[in-house]
Amino acid sequence: MEKKNIDWSNLSFAYMKTDYRYVSDFKNGAWDEGRMITDDTVTISECAGVLQYAQTVFEGLKAYTTQDGKIVTFRPDLNGERLENSARRLEMPVFPKDRFVDAVIETVKANIGYVPPYGSGATLYIRPYMFGSNAVIGVKPADEYQFRVFTTPVGPYFKGGIKPITIRITDFDRAAPHGTGHIKAGLNYAMSLHAIVDAHNQGYDENMYLDAQTRTKVEETGGANFLFVTKDGKVVTPKSDSILPSITRRSLIYVAKEYLGLEAEEREVYVDELKDMAECGLCGTAAVISPVGKIVDHGREICLPSGMDEMGPVTKKLYDTLTGIQMGRIEAPKGWIYVIE
Ligand code: PLP
Ligand code: COI
């Protein structure tokens, strides 16, 4: 398929309809064999579980064009595994991870003309999701579900690309202990919308959420995990049962240790420690690694020594190595890269 005529280098992180999407229906206790369709709309009952009680979970991953012209995706098996866990927590049927990976690959293949070229700075974002589709009026799980995958070409998640952003510590909570913060459920994002609109209105790019129980520990943002570098060069990421287990973050910890020879650990990170950090970044599929230059804690400014102009040096090395692996410039660990075409 020919490349679509798109201004790849000026894409933002926005939805663009592409040609095909994958659909599989769950009815009478089983998933059907699935199919590729062109219709980008969904018709469901006005009383569907997803519309009334937010029974929906999703994933996010990307397809990349590598330096030598292959189309690849990054660790889709881990997204499949996470969607299985998300579904279990919301009493939804599991869409098996092997079928998930096949569906992702098929959907990218069907939309291959939308995969941005190497070096354009853009990627093809892949959005698998599932939802309760039949009518439920009492509070209970639906009996019927749809699993779908669509794709959309995207540019950077934050407007400035890799320019450092300013975030604030918010008084809103994202997730409760023993709640749903560790799964990728739409409900976690719905309840973050007021906090992000308020943050933007106050001039901040994002919110730093704290642990809801003690409000002393760093959790994550609405759409990414945190990564810090201490003044002695150690990479640290917050450990918590109520944050999303980011595939990017887990990959970066491996890259830090095995490719860069750095010390890296996942541990609780206290708000009190922020003033002593050398670098801070947000990591995730959409965010990649977005550097943080300033954290504002109720008027108190914590300025990271790496500043507001550039990524810190360790963050930059992590960024270059991870994106190098994804774009085929650096050899990947076994099993990380799935070649689509
Ligand atoms: N945390 C939240 C709340 C997210 O929405 C995301 C995005 O998927 C992440 C973290 C990063 O996870 P991943 O690296 O698997 O994309
Ligand atoms: C992702 O990084 O894939 C996300 O889901 C984050 C955001 C777009 C919700």
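Applying the side chain to side chain donor-acceptor pair (under 3.5 Å) test to residues at least two apart or on different chains, the pairs with a partner in residues 91-101 are Tyr22-Arg99, Glu81-Lys97. Applying the side chain to side chain donor-acceptor pair (under 3.5 Å) test to residues at least two apart or on different chains, the pairs with a partner in residues 178-187 are Thr180-Asn188, Lys184-Tyr189.
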Next on the checklist: Go through it in stages, so that I can follow the logic: the residues are Phe100 and Phe147, the test is side chain to side chain contact (heavy atoms under 4.5 Å, CB included), and I'd like the CA-CA distance, side-chain angles, deciding distance and then a yes or no.
Outcome noted: CA-CA 9 Å; Phe100 173 99; Phe147 168 81; 3.9 Å; yes

Checklist entry - Under the side chain to side chain contact (heavy atoms under 4.5 Å, CB included) criterion, do Leu260 and Val255 qualify, and how do the steps go? => result CA-CA 6 Å; Leu260 302 175; Val255 162; 4.3 Å; yes

Checklist entry - Yes or no on side chain to side chain contact (heavy atoms under 4.5 Å, CB included) for Tyr64 and Ile337, after CA distance, side-chain angles and deciding distance? => result CA-CA 10 Å; Tyr64 310 83; Ile337 297 295; over 6 Å; no

Checklist entry - After noting the C-alpha distance and the side-chain angles of Lys27 and Asp143, does the key distance pass the side chain to side chain contact (heavy atoms under 4.5 Å, CB included) rule? => result CA-CA 7 Å; Lys27 253 188 200 168; Asp143 305 304; over 6 Å; no

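Taking the charged nitrogens against the carboxylate oxygens, Glu273 and Arg267 do have a contact shorter than 4.0 Å, which makes a salt bridge.
Minimum heavy-atom separation, Leu262 to Val314: CD1-CG1, 3.8 Å. Heavy atoms only, all atoms of each residue included: Pro153 and Met16 are closest at CG-SD, 3.6 Å. Looking at every heavy atom in both residues, Gly293 comes nearest to Pro164 through N-CB, 3.7 Å. The two residues Ala142 and Gly132 have their closest heavy-atom pair at CB-CA, 3.8 Å. Contact between Gly181 and Glu220 at its shortest, heavy atoms only, is O-OE2, 4.1 Å.
Contact check for Cys47 versus Gln52: side-chain heavy atoms found under the 4.5 Å cut-off. Within the 4.5 Å cutoff, the side chain of Phe131 has heavy atoms near those of the Val42 side chain. Side-chain contact check for Pro333 versus Ile325: some heavy-atom pair is nearer than 4.5 Å. The side-chain heavy atoms of Gln326 and Thr323, taken from C-beta on, include a pair separated by under 4.5 Å. Between Val149 and Ile126, the closest side-chain pair of non-hydrogen atoms falls below 4.5 Å.
At most 12 heavy atoms of other shown residues, nucleotides or ligands fall within 6.0 angstrom of atom CG in Asn5. Counted within 6.0 Å of CD on Gln67, heavy atoms from surrounding residues, nucleotides or ligands total more than 12; the atom is thus considered enclosed. Annotation for Glu310: atom CD does not count as buried by contact number, only 12 or fewer foreign heavy atoms lying within 6.0 Å. Crowding of Glu263 atom CD: a count of heavy atoms from other residues, nucleotides or ligands under 6.0 Å not exceeding 12. Surrounding CG of Asp68 are more than 12 heavy atoms belonging to other residues, nucleotides or ligands, all under 6.0 Å away. Atom CD of Glu46 has 12 or fewer heavy atoms from other residues, nucleotides or ligands within 6.0 Å.
A search for side chain to side chain donor-acceptor pair (under 3.5 Å) contacts involving Asp39 returns Thr41, not counting sequence neighbours. Contacts of Arg168 classified as salt bridge (charged side-chain N to carboxylate O under 4.0 Å, His left out), with partners at least two apart in sequence or in another chain: Asp198. Legend: residues meeting salt bridge (charged side-chain N to carboxylate O under 4.0 Å, His left out) with Asp40, ordered by chain and number and at least two apart, are Lys17. Take Tyr20 and apply the ring pair (Phe, Tyr, Trp, His ring centres under 6.0 Å) test, not counting sequence neighbours, and it matches no residue. Residues forming a side chain to side chain donor-acceptor pair (under 3.5 Å) with Ser251 (at least two apart in sequence, or on another chain): Arg75. With sequence neighbours excluded, no residue satisfies side chain to side chain donor-acceptor pair (under 3.5 Å) with Ser45. Evaluation of the side-chain contact (heavy atoms from CB on, under 4.5 Å) rule for Lys239 yields Glu266 as partners, not counting sequence neighbours. Lys62 meets the side chain to side chain donor-acceptor pair (under 3.5 Å) test with no other residue; sequence neighbours excluded. Taking Thr65 as the reference, Ile71, Val115, Tyr118 meet the side-chain contact (heavy atoms from CB on, under 4.5 Å) condition, with sequence neighbours excluded.
Side-chain contact of Asn85 with Arg82: a donor-acceptor pair under 3.5 Å is absent, judged by distance alone. For the residue pair Asp205/Thr166, the side-chain donor-acceptor check at 3.5 Å is not satisfied. Under 3.5 Å, the side chains of Thr151 and Thr18 contain a donor-acceptor pair of N or O atoms.
For an aromatic pair to be called close, the ring centres must be under 6.0 Å apart, and Tyr129 with Phe150 satisfies this.
The structure places CZ of Arg127 at 14.0 Å from CZ of Arg21, a figure rounded to the nearest 0.5 Å. Rounding to the nearest 0.5 angstrom, the gap separating the OG1 atom in Thr56 from the OH atom in Tyr145 is 10.5 Å. Within the model, atoms OG of Ser24 and CG of Asp32 stand 4.0 Å from one another, a figure rounded to the nearest 0.5 Å. To the nearest 0.5 angstrom, Ser242 atom OG is 8.5 Å from Lys217 atom NZ. We find the CD1-CD distance between Ile247 and Glu59 to be 5.5 Å, quoted to the nearest 0.5 Å. Between Ser192 atom OG and Leu187 atom CG the span is 10.5 Å, to the nearest 0.5 Å.
In this structure, Glu219 contributes its side chain and Arg174 its backbone to no donor-acceptor pair below 3.5 Å. Judged by distance alone, with hydrogens and angles left aside, the side-chain atoms of Asn225 form no donor-acceptor pair with the main-chain N or O of Arg249 at under 3.5 Å. Side chain of Glu279 to backbone of Met311: no donor-acceptor contact under 3.5 angstrom is found. For the pair Asp297 (side chain) and Arg300 (backbone), a donor-acceptor distance under 3.5 Å is absent. Asn79 places a side-chain N or O within 3.5 Å of a backbone atom of Gly60 that can act as its donor or acceptor partner. Panel note: side chain Lys4, backbone Ile112; no donor-acceptor pair is recorded below 3.5 Å. Checked by atom type and distance alone, the side chain of Asn134 never pairs as donor or acceptor with a backbone atom of Gly49 at under 3.5 Å.
Of the candidates Asp173, Ile243, Thr216, Asp211 forms a side-chain contact (heavy atoms from CB on, under 4.5 Å) with just one, namely Thr216.
Ring planes of Trp336 and Phe74: perpendicular class, angle over 60° (limits at 30 and 60°).
Taking Ile, Leu, Val, Met, Phe, Trp and Tyr as hydrophobic and joining them when side-chain heavy atoms fall under 4.5 Å apart, one finds Ile167 in a cluster with Phe13, Tyr125, Val154, Tyr157, Phe158, Ile165, Ile169, Met208, Leu210, Val218, Phe226, Phe228, Val236, Val269, Val271, Leu274, Met277, Leu282, Val292, Ile295, Ile302, Leu304.
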